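As the structure is a prediction and not an experimental result, all values here were calculated from the model. Whatever order the structure lists them in is the order used to number ligands and atoms, beginning at 1.
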Amino acid sequence: MSNVLPYNIPLFDLNFSEEEEKAVVDTIKSRWISTGPRCEEFERLFSEMIACKYSVSLSNCTAALHLALEALGISKGDEIIAPSLTFVATINAIKYVHATPVFTDITSYNDLTMNPSHIEKLITPRTRAIIVMHYAGFPCDMERIMAIARNHNLKVIEDACHGPLSEYRGKKLGTIGDIGCFSFFSNKNISTGEGGMLVTDDEEIYIKTKLLRSHGMTTMSYERAGGHATRYDVIDLGYNYRMDDIRASIGIVQLTKQKEDLIRRSEIRKYYIEQLSDVDEIIIPFANHKGYVSNYIFPIVLRDSDFVKRDYIRKKLQEKGIQTSVHYPAVHQFSIYSDIKAELAKTEYIADNEITLPMYSKLTEDQIRYISNQLRDALI
Ligand SMILES: *Cc1c(COP(=O)(O)O)cnc(C)c1O
């Protein structure tokens with residue numbers, strides 16, 4: 001087998017062991033590999049983990065965001081306030097339901113989450129919802145955002161892809177707004193290859209999501225195979241957004257590792273900060289954040305820089321075998337969104353000057369020292 005990781009230190013590495021392999025083999029041997037008992041168990045355990053009423057497993061988080069907007073009845077003419085500093089899927093989902101994205105800037109170079117004051121300024125009579133994104137797993141200012149939403153009768157969807165288990169004032173991210181959306185793409189804290197989860201405390205949203213997940217059919221093949229139902233009706237225009245039991249079985253094992261993974265990630269973050277605290281050329285966002293967070297990624301921001309310098313630093317690190325990334329190119333600067341007017345100076349600075357350093361639980365202190373030294377050298 002060829003080595004698919006060309007870097008000595010990749011940006012991310014799976015927290016997988018024989019347990020995931022065994023779970024997959026056991027599922028295959030069970031002869032039920034599509035949506036079934038393992039999806040149900042994964043949903044139950046996920047609800048327990050984040051303390052919410054309902055979880056619906058899905059094919060990915062993009063599907064979760066799409067169904068969240070549909071379940072809330074968002075459609076053409078509606079405006080949805082969302083960050084530009086996010087993965088493009090957050091915004092594409094808004095377009096799927098023919099609504100209009102309205103982009104918010106971030107708070108500061110230290111706090112890369114949405115600026116609540118800016119959100120408030122963007123509200124019009126057409127605004128129906130806010131999609132928040134908890135960057136790197138650090139919570140948005142949910143107290144202010146929920147207050148704004150209540151005052152203006154807006155729904156709140158949390159794109160919590162970066163933050164499984166992250167907390168905001170004792171509540172898990174994804175459970176503060178009306179709907180939370182999670183991803184289990186291979187490089188997320190919880191990895192199943194592809195996968196997603198929609199969570200809510202609202203029974204109506206839950207029922208609607210389950211319906212739309214599987215073609216708008218009133219029963220699923222798993223229920224029919226179990227003899228619980230023999231007929232079905234189609235009562236809504238749904239999709240095939242189901243997860244399968246093979247992925248769910250990996251997810252079940254992954255959940256058991258999350259607490260330890262999170263502790264390890266916060267140690268790694270602390271060690272990075274120690275190593276980099278004397279580097280004046282960079283800002284470490286959220287450096288003073290004290291809460292319990294997922295640390296999905298470790299972002300740094302170059303001071304007084306531009307994208308030429310940033311790309312040069314990234315290339316230097318690459319030459320030293322260190323894989324880096326950028327979170328994110330600003331969505332409003334992509335061609336397909338260029339017709340939307342947006343003044344987002346801080347977001348644009350981050351898009352040009354952020355570098356994401358490796359972050360995963362198996363990263364060692366030696367590796368962090370090496371990365372920090374190479375970064376320091378590259379900055380000279
Ligand atoms: C990964 C990610 C998504 C998309 O998730 P998929 O499961 O790949 O569809 C959406 N938003 C954010 C912030 C993400 O990190």
Side-chain angles (χ1 to χ4, degrees), residues 11-12 14 39 42-43 46 55-70 80-97 101 103-104 106 112-114 129-140 142 145 156-166 173-174 176-177 179-199 209 212-213 239-244 246-248 250-251 254 265 285-286 293-299 325-332 334 337 347 350-351 354 356 359-360:
L11 186 68
F12 171 79
L14 290 168
C39 283
F42 187 33
E43 290 167 355
F46 200 83
S55 295
V56 183
S57 59
L58 297 165
S59 47
N60 53 65
C61 179
T62 309
L65 290 160
H66 182 189
L67 294 190
L69 289 158
E70 284 220 354
I80 309 300
I81 296 174
S84 174
L85 192 70
T86 185
F87 183 56
V88 67
T90 317
I91 309 306
N92 285 349
I94 299 170
K95 296 289 265 188
Y96 295 164
V97 298
F103 292 112
T104 325
I106 53 164
L112 309 184
T113 66
M114 295 160 84
I130 304 168
I131 304 183
V132 302
M133 199 282 274
H134 305 292
Y135 187 104
F138 294 94
C140 295
M142 291 309 284
I145 292 171
V156 175
I157 297 169
E158 296 180 73
D159 180 337
C161 284
H162 294 192
L165 247 73
S166 272
L173 297 187
I176 301 163
I179 298 176
C181 301
F182 292 89
S183 172
F184 312 126
F185 181 68
S186 56
N187 68 8
K188 301 286 156 79
N189 288 55
I190 301 166
S191 322
T192 65
E194 298 278 1
M197 195 74 86
L198 182 149
V199 307
T209 305
L212 295 180
R213 168 175 78 170
Y239 307 92
N240 177 358
Y241 279 173
R242 298 180 302 258
M243 183 180 268
D244 60 71
I246 299 174
R247 288 184 174 82
I250 299 173
Q254 286 275 287
R265 281 169 182 266
F286 310 102
V293 292
S294 59
N295 283 299
Y296 166 55
I297 50 174
F298 185 75
S325 184
V326 172
H327 289 82
Y328 287 96
V331 176
H332 73 280
F334 287 136
Y337 291 111
T347 294
I350 296 301
E354 188 270 350
T356 305
M359 169 59 88
Y360 48 92

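E158 contributes no side-chain N or O that, together with a main-chain N or O of V132, makes up a donor-acceptor pair within less than 3.5 Å. Remark: the backbone N or O of G251 is not paired with any side-chain donor or acceptor of T192 at under 3.5 angstrom. Under the 3.5 Å distance criterion, the side-chain polar atoms of S59 are left unmatched by any main-chain donor or acceptor of M243.
Contact atoms of ligand 1 toward C161: 2 (C), 3 (C), 10 (C), 11 (N), 12 (C), 13 (C), 14 (C), 15 (O) (distance under 4.0 Å to a heavy atom of the residue). The ligand atoms of ligand 1 that sit less than 4.0 angstrom from a heavy atom of H162 are 13 (C), 15 (O). Listed by number with element, the atoms of ligand 1 under 4.0 Å from a non-hydrogen atom of M133 are 13 (C). Below 4.0 Å from some heavy atom of T90 lie the following atoms of ligand 1, by number and element: 11 (N). Near G195, the atoms of ligand 1 lying under 4.0 angstrom from a non-hydrogen atom of the residue are 7 (O). Within the listing of ligand 1, atoms 13 (C) sit less than 4.0 angstrom from a heavy atom of T86.
Looking at C61 against ligand 1, both its backbone and its side chain come within 4.0 Å, counting heavy atoms. Proximity of N60 to ligand 1, defined as any heavy-atom pair under 4.0 Å, is shared by backbone and side chain alike. Using a 4.0 Å cut-off between heavy atoms, Y296 makes no contact with ligand 1 at all.
A donor atom on one side chain and an acceptor atom on the other are not found under 3.5 Å apart for N187 and Y360. Residues Y241 and H66 bring a donor and an acceptor atom of their side chains to less than 3.5 Å of each other. Side chains of S57 and R213: a donor on one and an acceptor on the other come within 3.5 Å.
Between Y135 and Y296, the ring centre distance reaches or exceeds 6.0 Å.
In this structure, the side chains of P139 and V293 come closer than 4.5 Å at one or more pairs of heavy atoms.
Residues passing the side chain to side chain contact (heavy atoms under 4.5 Å, CB included) test with S191, sequence neighbours excluded: F12, L14, F16, Q254.
Protein heavy atom nearest atom 1 (C) of ligand 1, with residue, atom name and distance: K188 NZ, 1.4 Å. Protein heavy atom nearest atom 11 (N) of ligand 1, with residue, atom name and distance: D159 OD2, 2.7 Å. Remark: minimum distance from atom 9 (O) of ligand 1 to any protein heavy atom is reached at T62 OG1, 2.5 Å.
Distances shorter than 4.0 angstrom occur between a heavy atom of Y328 and an atom of ligand 1.
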